[in-house]
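Comments concern the structure below.
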Amino acid sequence: MSRTLPCVLMRAGTSRGPFFLREWLPEGDEERDQALIGAIGASDPLQLDGVGGGSTLNSKVAIVSRSKEPGCDLDYLFAQVGVGHRSVDTRPNCGNMLSGVAPFAIEQGLVAAQDGVTRVRVFNVNTQSRIDVTVRTPGRRVTYEGDARIDGVAGTAAPILLNFLDAWGAVTGRVFPTGRRIDTIDGVEVTCIDAAMPLMIVRARDLGVTGSEKPAALDSNAALLERLEGLRLQAGLLMGLGDVSASVIPKPVLVSAGNSPESITSRYFTPHRCHASHAVTGAIGVLSAFALPGTVASGAAAREPGRHDLVLLHPAGQIDVEVELDGRAEQATVKAAALVRTARKIMQGEMQLPDYVFTRPDAVAPMVASFPRKPITVIVPTRAGGGNDTMARIIAAELKPLLGQEVLVDNRAGANGAIASEYVAKAEPDGHTLMFGYVGTHAMNPALQKLGYHPLNDFEPVGLIGSSPTLMVANRHAGFDDVRGLLQRLRSRPGSIRYASAGDGTPPHFAAELFQLNTGTKMEGRTYEGAAPAIVDTLDGRSQVMFPSLFTAHPFILDGRLRALAVAGSARLAALPAVPVLSESGIREVDVSQWYGLFAPASTPPAVIAQLNRALNQVLANPQVAARFERQGASVEAGPPSALGDRVRHELHRWQAVVAEAGLAPQDIRLLAAE
C-alpha cells in the first residue's frame, strides 16, 4: 500500500472531509479502509494525526468513480470513519458530502463541464439510489463563488441543487418498512420511514420535551436518551434491520410544530447525540413524512399532488426542500425531493499516511505470545496529583520489571472521566493501552448521564486494585468543627457553604448530593477536573467542604490543614477512630465507598488479560505496596478479572437505583465533544 495518496479536502454542505477517486485508493476493501482510517486519524478521539475534526460530522469520506450504472455519470460511495476507533462504515449515506461529488468529479475530468450549468446524475452506492446534481460551471469551469447561503455555514457560495429521484425505500425496500405509517412501541407512537435515510420519528411531546431544545440540553437528558435508544432498537427490528445496537441506523428524530403550515421542527440524533444542525438525508426523510398523511409528522392539511416548498427547522437554522407528491390521501407517494447545498474546495495535494495503517487489527492474535512488545500506557481519568494518579503511578512503577516494558501514566482529565474512558474504550485492543478506572468512571457517571462509552460492554476487566472510604472534610478556617455545626450554619444561612467536587458523576459529587438530600440543606457546588484541584481549593478556602477519598485527604488531615468531620460509610475507620460516621449524626443513606480497577479495551485477547492480571496481583501482593496504600488510607484488593467485572455490574445497578430514587441530575455536564 502506498503511503502517499492524492487527495482533495472539501467542505460539502455542513460536513467536511477528504474526497478520493477510487483509483487513488488501494484496490481491496480492507486495504482501502485502512487507508481511510489513516487519512482521518481515526484511532485518536481528537483525530490529531489526520484530517478529521474529532466529530462524526468531520470524519467523512467521499469516494468517486465513473459509474457502471446505466444512465448514471458517477458512482459515489460514502464512508463514515470512526472517531477514536479504527472503523469504516459504508452502510449509511451522507447528503452533505454528496454536494461535493459533482464539482470534484468535474475538476478531476470524470465529467465534461457544460457552459453555464452542468447536470450530473450520481449513483449512490450505499443506498443504490440516483440523485441529479446541478452545478454552476460558467465558461465550462466549476465555480464555488455565489450568493447561496445555507444555515450552519458562514458566508455564501454557488448553489448546488440536489434532486433525489428514488431514495424512497432504498435501504429496506419499502418507504414504510413495517407496512404501517404509525407503529406503537412501548406505548409511544412512532413512524418508521426509509426515505434517503432510515428514520424512526417520534413526537417530541410524547417523550416529555418540546422539541425546540438546544442539542446540549437534549444530550444532558439521560432519561430521554435512554428512552430514545430503547425505542430505536425495537424500531430496527420492526424495520427488518436486525440488531442495530452497533449500527447508526435507523436515526432517531424528534419532531414538533414549525412556525408555519409549511414547516416542521426537527431534532436529529446521530444516533446517540443530537446533531448540531441536521443531516440532509434526514431532512428528506422528515419532510417526506411531513408531506405524507397518516404519520406522526404529518401536516395538518392533506396536500395536493405536485410540488410543495417545505421547510425543516433545525438548531442552526433551516433546510428548504421541494417535495413532489404523486397521488392523494392514503395513496400519496413522494416522487422526488430537491434542495440547495453549497460546497468549497479547501485544498488539493498529496496525503501522507501514518505507518500504523499498515498494521491490521487481526494481526493482534499472533502477537499475543510476544506481549508486551512496546511500552504500555495507563490512562488516568484525572489530573496529576490526586489519589487516582498516585495509585496509578505506584502500580505502573511496579509493573515495569514484571512486564519487561516501560509502563507510562498518561493523565487525560476532562468530562468527569469520559474523555479517558472513551479513549481507552476505542483504543487498539492489544493490551498496550489500559485504564485506571474507578467507581466514578464505571458506575456513578454512567448512572447519572448518557456517555459515549458503556462501562461493561466497552471494556475487559483486568483486575481490582483497591478501595478507599469517603470522608466529609472541611477547611480548618470554615467556622465549624463538626457536622452539627455545619448543619446549624446551613439551616440559618442556606447556600452559604460551598462544596468542591471532582466533577459530576464522581464520588465527591454523589456524596455531597446525597448529604443535601438527606439533610434537607442546600450548598453551592463547584466542580473541578479531578480531586487534586478540588482539594486544593478546599485547602485554600475557596470551598469550605469536600467529600474526598481517605486516600486523597489523609495527608492534609494529618498536617492539620483539613478537618475530618465524618465518614460517609457504614463504620468508623481504624486510621481515624475518633471521626464519627454520618449515621451517628442521624444522617443515613450517605454510604459512598471508592474502588479502583485496571481495565483494557473490549476484545483484548484473553491471554493478554491473564498475563496483565497475574502481574497486577503480584504487585498488589508486595507488602511494601500494601503498606504505601495503607499509609494513604486505602487497602489493596487483588483478584481475578471476573471479580472486577462483578463489582462494576453491582455498583452500576446500585447507583442507577440511587439516581432514579433520589432524582439526581448533573449540575454542570461537560461531555466529550463541544458539538
Do [X] and [Y] have side-chain heavy atoms sitting under 4.5 Å apart?
X: Leu225; Y: Phe269; value: yes
X: Phe547; Y: Leu565; value: no
X: Glu513; Y: Ser501; value: no
X: Asp430; Y: Val608; value: no
X: Pro381; Y: Met435; value: yes
X: Phe459; Y: Ser421; value: yes
X: Asp458; Y: Val424; value: no
X: Pro507; Y: Val439; value: yes

With sequence neighbours excluded, what pairs up with [X] under the salt bridge (charged side-chain N to carboxylate O under 4.0 Å, His left out) test?
X: Asp410; result: Arg412
X: Glu406; result: Lys400
X: Arg498; result: none

*Just do the side-chain contact (heavy atoms from CB on, under 4.5 Å) check on Arg393 and Phe436 with the steps written out, would you?*
CA-CA 10 Å; Arg393 293 181 186 278; Phe436 186 94; over 6 Å; no
Testing the basics here: between [X] and [Y], what is the closest heavy-atom pair and its distance to 0.1 Å?
X: Asp219; Y: Cys274; answer: OD1-N, 2.9 Å
X: Gly569; Y: Val581; answer: O-CG1, 2.9 Å
X: Ser496; Y: Gln544; answer: O-OE1, 4.2 Å
X: Leu471; Y: Ala553; answer: CD1-CB, 4.5 Å
X: Pro641; Y: Ile609; answer: CG-CG2, 3.9 Å
X: Leu612; Y: Val462; answer: CB-CG1, 3.7 Å

When the side chains of residues 587-599 are checked against the rest of the protein, which donor-acceptor pairs come out under 3.5 Å, sequence neighbours left out?
from: Gln594; atom 1: NE2; to: Thr470; atom 2: OG1; distance (Å): 3.4
from: Trp595; atom 1: NE1; to: Glu651; atom 2: OE1; distance (Å): 3.1

*ring-ring contact (aromatic ring centres under 6.0 Å, His included) partners for Tyr438, two or more places apart*: none
Which value, rounded to the nearest 0.5 Å, describes the distance between [X] atom [atom1] and [Y] atom [atom2]?
X: Ser59; Y: Leu36; atom1: OG; atom2: CG; answer: 11.5 Å
X: Leu539; Y: His477; atom1: CG; atom2: NE2; answer: 10.5 Å
X: Leu464; Y: Asn613; atom1: CG; atom2: CG; answer: 9.5 Å
X: Phe629; Y: Gln624; atom1: CZ; atom2: CD; answer: 13.5 Å
X: Asp33; Y: Glu30; atom1: CG; atom2: CD; answer: 8.0 Å
X: Ile535; Y: Asn475; atom1: CD1; atom2: CG; answer: 11.0 Å

_Please identify which of these residues, Leu514, Thr527, Asn445, Leu448, meets the side chain to side chain contact (heavy atoms under 4.5 Å, CB included) condition with His509._
Leu448
_Just to verify, which of Thr552, Ile465, Thr382 counts as forming a side chain to side chain contact (heavy atoms under 4.5 Å, CB included) with Asn388?_
Thr382
So, the side chain of [X] versus the backbone of [Y]: is there a donor-acceptor pair under 3.5 Å, distance only?
X: Gln618; Y: Leu402; answer: no
X: Glu422; Y: Gly452; answer: yes
X: His432; Y: Arg373; answer: yes
X: Gln47; Y: Gly53; answer: yes
X: Gln449; Y: Pro446; answer: no
X: Asn617; Y: Gly639; answer: yes
X: Glu524; Y: Gly495; answer: no
X: Asp540; Y: Arg542; answer: no

*Only pairs at least two apart or in different chains count here, so list each salt bridge (charged side-chain N to carboxylate O under 4.0 Å, His left out) that has a residue in residues 565-583.*
Arg572-Glu584
_Before you tell me yes or no, could you show the steps for Leu490 and Thr519 under side-chain contact (heavy atoms from CB on, under 4.5 Å), namely the whole-Å CA-CA distance, both residues' side-chain angles and the distance that decides it to 0.1 Å?_
CA-CA 10 Å; Leu490 288 172; Thr519 59; 5.7 Å; no
*asked:* Test side-chain contact (heavy atoms from CB on, under 4.5 Å) on Arg649 and Asp646; report intermediate values, then the result.
replied: CA-CA 5 Å; Arg649 276 186 288 273; Asp646 291 342; 2.8 Å; yes
*Does the pair Arg647/Glu637 count as a salt bridge with the N-to-O cut at 4.0 Å?*
yes
*Carboxylate-amine/guanidinium proximity below 4.0 Å for Asp482 and Arg484*: no
*Show your working on side-chain contact (heavy atoms from CB on, under 4.5 Å) between Thr538 and Val545 and close with a plain yes or no.*
CA-CA 7 Å; Thr538 307; Val545 173; over 6 Å; no
*Please lay out, stage by stage, how Asp481 and Arg563 fare under the test salt bridge (Lys or Arg N to Asp or Glu O under 4.0 Å).*
CA-CA 8 Å; Asp481 297 329; Arg563 181 175 289 113; 3.8 Å; yes
